[in-house]
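Per chain, numbering begins at 1; letters A, B, ... match sequence-line order.
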Protein chains: 2
Amino acid sequence: MNDRATTTLDQVARQAGVSPSTVSRILNGTAKVSDAKRARVEAAIAALNYRPNVMAQNLARGRSMTVGVVTQDIASPFYSESLKGIEAALADTGYAPLFVSGHWNEADEIERVALLVDRRVDGLIVLTGMLPDEILLETAERVPLVVTGRQLAAPRVFSLDIDHEAGAHTATLYLIGLGHRRIAHLAGVQGHPDARARLAGYRRALDDAGIAYDETLVVDAQFNEEGGVAAIEQLLERRTAFTAVFAANDQSATGARLALYRRGIAVPEQVSLVGFDDLPGSLYCTPPLTTVRQPAYQIGRTAALALLEMMDGKPAPELSLSVELVVRESACAYSQP
Amino acid sequence: MNDRATTTLDQVARQAGVSPSTVSRILNGTAKVSDAKRARVEAAIAALNYRPNVMAQNLARGRSMTVGVVTQDIASPFYSESLKGIEAALADTGYAPLFVSGHWNEADEIERVALLVDRRVDGLIVLTGMLPDEILLETAERVPLVVTGRQLAAPRVFSLDIDHEAGAHTATLYLIGLGHRRIAHLAGVQGHPDARARLAGYRRALDDAGIAYDETLVVDAQFNEEGGVAAIEQLLERRTAFTAVFAANDQSATGARLALYRRGIAVPEQVSLVGFDDLPGSLYCTPPLTTVRQPAYQIGRTAALALLEMMDGKPAPELSLSVELVVRESACAYSQP
DNA sequence: TTGATATTTGAAAGCGCTTTCAATAAACAA
DNA sequence: TTGTTTATTGAAAGCGCTTTCAAATATCAA
């Protein structure tokens with residue numbers, strides 16, 4: 001019947017001939033209400049097509065039923081998988097995720113976090129990013145926090161990181177096992193913690209195999225396709241021989257693959273290629289990319305589940321996520337030319 | 001000094017020795033306030049580290065400063081570009097986007113929209129999806145609406161669509177111009193409006209060139225990589241000859257490219273391939289994919305800008321977005337075998 | 001000066017809910 | 001029956017802000 005000018009709880013109460021408190025109790029199941037009244041109220045709700053005003057509920061309850069999620073780029077193929085995991089874990093909990101992007105820029109991130117805190121999010125998830133630990137710690141005093149991609153020990157903080165070093169170690173060792181000795185490494189962005197860890201894994205694998213580290217085989221690269229292209233070109237200019245490439249992430253591996261294609265270098269026949277992340281698209285590269293699988297979706301999901309626990313006042317759960325090498329077709333045994 | 005237990009506007013007022021109204025006026029610039037008081041209030045705000053409670057503001061103002069965005073899959077490479085556009089357009093307007101996913105499922109979408117309406121979003125953007133027009137129209141009575149991927153004429157509704165038919169027509173004509181006569185079409189999901197329009201463009205191009213439509217060359221495909229793989233396999237089983245493939249979107253084109261690779265069919269030497277969308281990754285396929293560029297980012301951005309206008313009470317702006325063929329390396333002239 | 005007009009301020013009433021507290025009604029034991 | 005205990009209910013006070021309205025003060029013309 002009614003429509004415009006949304007109906008309020010008071011109207012429902014009046015229509016049903018009960019007090020607002022009673023309507024509220026029925027809505028929230030906060031107390032027993034006689035069947036007679038319940039029926040009248042439910043009829044009124046239906047008749048008026050009443051829907052509670054979430055903003056008002058939030059204010060009264062002092063909770064926003066919102067969790068803030070700081071990502072770097074909402075369109076990133078890697079992080080958007082995590083967002084999906086967060087979304088899935090939060091579905092039907094009453095909490096809605098509020099996604100904001102920091103654009104790999106500390107100032108932006110700080111601003112976004114402030115924005116989220118102002119909106120009184122009940123919890124916060126920070127996916128990697130550039131925020132200094134102190135800011136995170138400070139923020140954690142106002143709101144339960146889950147942070148990925150780093151270790152941060154503090155009350156009301158849950159951090160969730162995978163072992164990048166081990167992943168890189170495995171990948172490199174795999175290439176070595178295939179007979180490769182001259183393995184180039186696209187090392188990601190200088191100073192990025194993930195990049196550092198992956199380089200360390202690469203070096204340890206070489207060490208393990210008694211292969212000398214050759215810095216002419218290592219080149220920095222942006223963590224995107226363009227970075228991969230540029231890195232390969234740089235490598236080729238150096239005229240160092242290499243029979244395999246281990247890229248610090250799949251996007252740069254994809255760029256590398258294209259650059260090799262452009263030079264007429266066959267993958268994997270002439271150069272083997274291994275990535276890191278296992279993006280959804282990596283399965284559909286030509287050839288499908290052998291890579292270290294980072295469970296992005298699970299990371300998001302786990303982060304959200306942990307946050308839910310913390311928002312419930314429970315301690316953060318103990319959980320660990322592991323990386324694994326997924327062997328596809330972009331790397332093969334080295335064959336003496 | 002103070003920290004825990006967030007400080008309120010009343011506390012600021014007390015500390016500054018003014019009334020809450022005055023503080024509010026300073027915060028919002030709603031009225032002139034004497035310099036003396038302004039200074040005292042600003043000092044108090046700084047001293048107490050006061051930040052307004054957005055929930056309370058929202059309730060009092062009757063606006064949530066939030067816009068709902070319904071997408072289908074937050075990790076979709078295509079739609080996430082649009083989300084990015086929305087995010088960019090909304091940045092620094094005070095509005096925050098609330099992203100929800102419908103998963104290409106009408107029931108889910110209906111539920112999500114209800115959720116957003118309950119949260120009292122000030123505006124709503126629906127990116128394509130399966131919602132029936134009636135529901136959209138009904139929703140538009142409660143909140144300004146922007147919808148992409150369809151035409152919907154109604155007050156407080158802005159619809160934004162690109163010409164899929166024309167795009168497909170251009171792509172197909174391009175292939176014909178290259179000398180191809182047997183052009184297969186991966187037609188997307190049966191019944192999907194975009195799929196229908198693109199098929200129509202394909203047919204019209206054939207018509208224009210006087211090429212008879214051959215239904216053995218057309219095969220349905222999911223709009224993802226797997227769909228492309230399956231479609232090519234199906235096509236190959238049919239044993240119909242073809243020298244080019246026009247895929248209804250880039251993801252299925254990518255799948256197609258992999259399936260061809262698996263069968264040892266070279267792209268573009270033996271089969272030319274054209275997609276639709278121009279996903280960010282399509283530039284890095286091997287070979288880079290020739291495709292019809294759909295300005296996903298612009299679509300999102302434009303949608304958000306239009307919504308801002310509407311939320312301001314202004315009429316929806318008139319705007320049109322165009323598609324264009326971007327020629328890369330996955331298609332080449334047909335050479336008599 | 002004085003009266004009229006324009007400015008700056010504060011009191012108080014919401015915004016639409018939740019929740020405490022006390023009153024009323026129902027159920028029980030003695 | 002009557003006094004207790006327990007289960008339902010409603011009144012009212014918030015939640016933290018905005019905004020109307022009227023009072024208080026300042027400004028101006030005469």
[X] side chain to [Y] side chain, donor-acceptor N/O pair below 3.5 angstrom:
{"X": "A:T66", "Y": "B:R119", "result": "yes"}
{"X": "A:Y79", "Y": "A:T128", "result": "yes"}
{"X": "A:S101", "Y": "B:E87", "result": "yes"}
{"X": "B:R61", "Y": "B:N28", "result": "yes"}

Begin from the C-alpha positions of B:S21 and B:S24 and carry the test side chain to side chain donor-acceptor pair (under 3.5 Å) through to its verdict.
CA-CA 5 Å; B:S21 343; B:S24 171; over 6 Å; no

[X]: what forms a side-chain contact (heavy atoms from CB on, under 4.5 Å) with it, not counting sequence neighbours?
{"X": "A:T93", "value": "A:L90, A:Y95, A:L308"}
{"X": "B:K314", "value": "B:E309, B:D312"}
{"X": "B:P132", "value": "B:E106, B:E134, B:I135"}
{"X": "B:D277", "value": "B:F78, B:R198, B:N249, B:D250, B:L279, B:Q294"}

Return the set of residues passing side-chain hydrogen bond (donor to acceptor under 3.5 Å, both in side chains) with B:R63 (not counting sequence neighbours), or none when no residue passes.
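Result, side-chain hydrogen bond (donor to acceptor under 3.5 Å, both in side chains) vs B:R63: none returned.
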
Taking the side chain from A:R112 and the backbone from A:V100, do they hold a donor-acceptor pair closer than 3.5 Å?
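Answer holds: no.
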
Does any residue of [range] have a heavy atom under 4.0 Å from DNA chain D, and if so, which ones, in number order?
{"range": "residues 54-66 of chain A", "answer": "A:L59, A:A60"}
{"range": "residues 12-24 of chain A", "answer": "A:V18, A:S19, A:S21, A:T22"}
{"range": "residues 38-46 of chain A", "answer": "none"}

Five-pair end axes of the helix from C:dT1-D:dA30 to C:dA30-D:dT1 and the angle they enclose, rounded to 10°
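Its terminal axes enclose an angle near 40°.
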
Quick one: how far along DNA chain C does chain B reach, first to last nucleotide 5' to 3', anything under 4.0 Å to a heavy atom?
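So the contact region on DNA chain C extends C:dT8 to C:dG16.
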
All N/O donor-acceptor pairs, side-chain side in residues 37-46 of chain B, below 3.5 Å, sequence neighbours left out:
| unit_1 | atom_1 | unit_2 | atom_2 | d |
| --- | --- | --- | --- | --- |
| B:R40 | NE | B:A16 | O | 2.9 |
| B:R40 | NH2 | B:A16 | O | 3.0 |
| B:R40 | NH2 | B:G17 | O | 3.4 |

Residues two or more places apart in sequence or in another chain: which of them pass salt bridge (charged side-chain N to carboxylate O under 4.0 Å, His left out) with B:K84?
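Scan of B:K84 (salt bridge (charged side-chain N to carboxylate O under 4.0 Å, His left out), adjacent residues dropped) gives A:D73.
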
OG1 of A:T302 to CG of A:L160: how many Å apart, nearest 0.5 Å?
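If I round to the nearest 0.5 Å, the distance is 6.0 Å.
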
Test side chain to side chain donor-acceptor pair (under 3.5 Å) applied to A:T6 and B:R142, step by step:
CA-CA 9 Å; A:T6 52; B:R142 322 190 116 267; over 6 Å; no

5'-most contact on DNA chain C: B:K37 or A:T30, nearest heavy atom basis?
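Closer to the 5' end of DNA chain C: B:K37.
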
